[in-house]
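Below is one structure, written out as structure tokens; the observations come after it.
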Amino acid sequence: MGKVTVSIEIEASPEKVFDFIISDKMNEISPEWFEGKWTSEKPIRLGSTVHYAGLHKYNKGEEWNGEVTEFTRNKSLTIFLKGANEKSHDQTNYYALEPTSKGTKVSFTMEYKAGKLLDALVVKRMVEREDTKMLERLKKALET
């Protein structure tokens, strides 16, 4: 199992950050990586469901059906993603939000299935790079 955690401080309240994370606006900050759509009724809460389709050259054709398995408004969100086809792997995405003097520290952790050691190292670097870009775009979207 692979695991990557990245963090960033955003000059916005935990409420504003959390509302963005559970909105469809998340598609705007990772346009080349995936597209997600909530498949259950809103408001988003524990048990809500989502469907993601991979768009990046590394995950093109992968699809996941997800379920919110932990939900604490303005503090944390966990989504378990079950691979929806033979190309897909299961993964779990965790968001943790902590208030700071300037706004909110956002930590994102992804746990995923990793293959052979060399492949796992390559995947870990790629996931870390892409997750960092996602948080940087989240920061930019919320601070402008």
To the closest 0.5 Å, what do you measure between [atom1] ([X]) and [atom2] ([Y])?
{"X": "T49", "Y": "E67", "atom1": "OG1", "atom2": "CD", "result": "7.5 Å"}
{"X": "L135", "Y": "S107", "atom1": "CG", "atom2": "OG", "result": "8.0 Å"}
{"X": "Q91", "Y": "E62", "atom1": "CD", "atom2": "CD", "result": "8.0 Å"}
{"X": "L138", "Y": "K133", "atom1": "CG", "atom2": "NZ", "result": "15.0 Å"}
{"X": "M134", "Y": "M110", "atom1": "CE", "atom2": "CE", "result": "7.0 Å"}
{"X": "E35", "Y": "E63", "atom1": "CD", "atom2": "CD", "result": "10.5 Å"}

Just so I know, are the side chains of [X] and [Y] near enough to count as touching, which here means a heavy-atom distance under 4.5 Å?
{"X": "V68", "Y": "L77", "answer": "yes"}
{"X": "K25", "Y": "F20", "answer": "yes"}
{"X": "V4", "Y": "F108", "answer": "no"}
{"X": "K37", "Y": "V50", "answer": "no"}
{"X": "T104", "Y": "E98", "answer": "no"}
{"X": "L97", "Y": "K105", "answer": "no"}
{"X": "T109", "Y": "N93", "answer": "no"}
{"X": "V106", "Y": "F18", "answer": "no"}

* Asked: Are the aromatic rings of Y94 and F80 close, with centres under 6.0 Å apart?
  -> no
* Determine whether the side chains of E70 and T72 contain a donor N or O and an acceptor N or O closer than 3.5 Å. => yes
* **Steps toward side chain to side chain donor-acceptor pair (under 3.5 Å) verdict (E111, T92)** => CA-CA 5 Å; E111 290 184 1; T92 304; 5.0 Å; no
* Check against side chain to side chain contact (heavy atoms under 4.5 Å, CB included), S76 and Y95 -> CA-CA 5 Å; S76 60; Y95 294 89; over 6 Å; no
Between the side chain of [X] and the main-chain N/O of [Y], is any donor-acceptor distance below 3.5 Å?
{"X": "N65", "Y": "A84", "result": "no"}
{"X": "D90", "Y": "K82", "result": "no"}
{"X": "E143", "Y": "E11", "result": "yes"}

* Asked: In terms of side-chain geometry, is the basic nitrogen of K42 or D24 positioned less than 4.0 Å from the acidic oxygen of its partner?
  -> yes
* Structure fact -> Nearest heavy-atom contact between I79 and Y52 is CD1-OH, 4.1 Å
* Structure fact -> Of all heavy-atom pairs linking G36 and N27, the shortest is N-OD1, 2.7 Å
* Aromatic ring pairing W64/H89, orientation class (parallel under 30°, perpendicular over 60°, tilted between) -> perpendicular
* Qualifying residues under salt bridge (charged side-chain N to carboxylate O under 4.0 Å, His left out), relative to E41, sequence neighbours excluded -> none
